[in-house]
Amino acid sequence: MKPSLPKGTRDFTPAQMRKRNYLFDTIREVFTRYGYQPIETPALESLSTLTGKYGEEGDKLLFKVLNNGDFLGGADEQALAARDSAKLASSIAKRGLRYDLTVPFARFVVMNQQDLNFPFKRYQIQPVWRADRPQKGRYQEFYQCDVDVVGSDSLMYEAELASIYDEVFAKLGLKVRILLNNRKILAGMAEVAGIADRFMDMTIAIDKLDKVGMDGVKKELAERGVPEDGINRIETLLANQSLEAWKGELAGSETGLKGIAELETVFGYLAQNEPANEVVFDPTLARGLSYYTGCIFEVRALGAQMGSIGGGGRYDDLTGIFGLANVSGVGVSFGAERIYDVMEELELFPASLSQDLALLFVAFDEETHRYAFRCLAQARAAGITADLYPEPAKLKKQMKYANDRRVPYVVLIGSEEMANGLLTLKNMESGEQGRHTLEEIIEKLH
RNA sequence: GUGGUUGUAGCUCAGUUGGUUAGAGCGCAAGAUUGUGGAUCUUGAGGUCGCGGGUUCAAGACCCGUCUUCCACCCCA
């Protein structure tokens, strides 16, 4: 049996896990300090919870879990006979793996509403699964780090979430650009261009502006059946960068003006502090997830070829579908794998993460090995990450192990050391060594 | 989901128009050095050539299928 992993999944080595944990710890610390509380939800959700929430494309990317037992017993005979996989699925799979953390969170809020205080602020760091074709920075199993607040429509939260993005990436030393837009501005754009009925086509097309250029956008709009008048109007609209200019352009659209006003409020809050990264209005930012209704966010890493490393937005009625109406929510997500890949590429992980052990004990024979075991316990009790080579093997072997583990200090214990209590401490980088008591060594390593 | 691409030792990769026993570097193990890792030298171990079929006297190489990798779409973190 040859071992292998399913497509788009990975193992993580200790060296990788130290970096991943550093990432998660940094993110979690900021989330916590902003008053968000942790929750978790199951990897498995009822398929009925997940389907229809991510658009047609999203449904195709849902992992479905085959029912247990005689799953064919309850299969839809017609769909089976017709080889209609899409139709058959619902009769043989009642559960699926979560596709993101936002929809399960909405379910969580509805089911636990009596226990929650609103506005309810939660964070959630868990893997999600998508049956996508893998590419660089695109996996079938990956972690998202979500922060959301439900039960308030205050635009303060949009500003707060932008600040969280800013602070986390500043702490990680990763330079980013944080993009903001508002679905209402996009709606106003379609309205003013006279193509309100082609809203989706328009957003999908203009979202690609930075990738394919204006000519590419115009081409796609035309292919999607947007009339020429509308295309030209879109082109002149997109020539505007500032919110002020857009206010004039969208004067004819009540919705559009509302979107502008919302963004102005958000930027008004943000201006109270000084972000470390750029936070800018980008009218071409669209984002696919169909449930967003207000402000939308996206984060791009500077100096690396990678898609977005985070995104989110305001959803006015996500819980409505689960039976709780009029609860507004807003949240953003950090794409842990992509942030990891970018940081690895730009070599932004602290060098200190490459070592774990601070001290290794090395003994020469059975007697000193037992003595070293006692010293080891004392060092550990004093809070030092220490280990003892499991047997009094040849020094060369033990030293090589210390070297390979990148241990900065080794304590050598032979009969002489044991007799007078003066242990040999060796600095593995400089090669220097001297005699010290265990207490001195513990003191030194603190 | 569509089109393309990749797979040979633990890792990175050679391998000629199909032709003897599939190689290198790094890594690993042992020794040179019996109380000292990194450098050097010596020796050694390690391969179902992704997997399954097919063509051929003969396949790592050619054909088909399949899995995987990466890329462009689609979409997205």
Side-chain angles (χ1 to χ4, degrees), chain A residues 1-10 13 23 27 54-62 85-86 99-102 125-146 165 176 200 203-205 207-208 211-212 216 220 223-224 285-290 297-301 305-312 332-342 360 362-365 368 389 392-418 423-433 435:
Chain A
M1 163 89 202
K2 190 175 179 176
S4 68
L5 284 174
K7 185 197 322 192
T9 65
R10 289 128 338 125
T13 62
L23 207 58
I27 290 169
Y54 310 105
E56 213 173 301
E57 286 298 319
D59 282 356
K60 283 191 215 160
L61 299 180
L62 280 176
S85 305
Y99 176 91
D100 73 356
L101 301 178
T102 307
I125 298 176
Q126 289 192 274
V128 303
W129 293 268
R130 295 183 189 178
D132 215 353
R133 254 197 213 187
Q135 272 180 48
K136 192 122 217 136
R138 171 181 294 195
Y139 306 96
Q140 291 203 338
E141 177 183 65
F142 61 98
Y143 272 74
Q144 290 195 325
C145 315
D146 272 35
Y165 266 145
V176 298
M200 277 301 284
T203 53
I204 290 169
D207 195 35
K208 296 173 184 163
K211 203 167 177 181
V212 299
E220 174 146 6
E223 279 166 4
R224 287 174 177 272
L285 176 61
R287 295 197 56 75
L289 288 171
S290 40
F297 303 82
E298 190 155 303
V299 185
R300 308 254 172 84
Q305 261 329 102
M306 185 64 79
S308 75
I309 56 174
V332 297
S333 181
F334 289 74
E337 324 295 331
R338 289 189 176 178
I339 295 169
Y340 180 99
D341 287 348
V342 170
L360 181 77
V362 163
F364 292 80
D365 52 35
T368 52
Y389 197 83
K394 273 193 277 194
L395 264 210
K396 183 186 172 84
K397 197 175 170 89
Q398 302 195 60
M399 293 303 287
K400 180 166 163 48
Y401 179 77
N403 198 52
D404 294 345
R405 283 287 299 267
R406 298 176 192 245
V407 186
Y409 288 96
V410 166
V411 167
L412 297 129
I413 304 179
S415 51
E416 202 179 307
E417 282 87 346
M418 192 177 121
L423 313 182
T424 300
L425 177 70
K426 173 156 181 159
N427 179 325
M428 290 296 282
E429 205 196 331
S430 67
E432 291 172 277
Q433 59 184 56
R435 297 293 184 92

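These figures come from a predicted structure and were not determined experimentally. A, B, ... follow the sequence lines: proteins, then strands. Residue 1 opens every chain.
Contact annotation: side chain of A:Arg133 to base of B:U69, donor-acceptor pair absent below 3.5 Å. For B:U36, its base never sits under 3.5 Å from the side chain of A:Gln398 at any donor and acceptor pair. Side-chain atoms of A:Glu417 come within donor-acceptor range of the base of B:G35, with a qualifying N/O pair under 3.5 Å. The base of B:C75 lies outside donor-acceptor range of the side chain of A:Arg130, with no N or O pair under 3.5 Å. Remark: the A:Lys426 side chain and the B:U36 base include a donor-acceptor N/O pair separated by less than 3.5 Å.
Looking at heavy-atom distances under 4.0 Å, A:Ile309 makes contact with sugar-phosphate atoms alone, never a base. A:Glu429 comes within contact range of at least one nucleobase, with a heavy-atom separation under 4.0 Å. Residue contacts shown for A:Tyr143 are absent, as no nucleic acid heavy atom lies under 4.0 Å away. Among the atoms of the strands shown, base atoms are found under 4.0 Å from some heavy atom of A:Leu412.
Of all nucleotides present, only B:C11 satisfies the Watson-Crick or G-U wobble test against B:G25, with each distance under 3.5 Å. In this entry B:U36 has no Watson-Crick or G-U wobble partner, no candidate having both defining distances under 3.5 Å. As the counterpart of B:U42, B:A30 is assigned, both hydrogen-bonding distances of the Watson-Crick or G-U wobble pattern falling under 3.5 Å. Across all strands shown, B:G50 is found opposite B:U66 as a Watson-Crick or G-U wobble partner, with both distances under 3.5 Å.
If you take atom P in B:U48 and the same atom in B:A39, they sit 30 Å apart, rounded to whole Å. B:A14 sits 14 Å from B:C26 when the C1' atoms are compared, rounded to a whole Å. Separation of the P atoms belonging to B:G46 and B:A29 is 16 Å when rounded to the nearest angstrom.
Distance from the side chain of A:Arg338 is smallest for B:A77 among the nucleotides B:A77, B:G37, B:C74. Checked against B:C28, B:U36, B:C74, the side chain of A:Thr424 finds its nearest nucleotide in B:U36. Ranking B:G37, B:G35, B:C70 by closeness to the A:Asn403 side chain, first place goes to B:G37. Here the side chain of A:Arg224 is nearest to one of B:C71, B:C28, B:C75, namely B:C75. When distances run from any side-chain atom of A:Lys394 to the nucleotides B:A72, B:A30, B:G37, the shortest one goes to B:A30. Side-chain atoms of A:Glu416 lie closest to B:G35 of the nucleotides B:U36, B:C28, B:G35. Ranking B:G3, B:C71, B:U68 by closeness to the A:Lys7 side chain, first place goes to B:U68.
Of the residues near RNA chain B, A:Lys397 and A:Gly310, the one whose nearest nucleotide (by heavy atom distance) lies more toward the 5' end is A:Lys397.
A salt bridge links A:Glu417 to A:Arg435: at least one charged side-chain nitrogen sits closer than 4.0 Å to a carboxylate oxygen.
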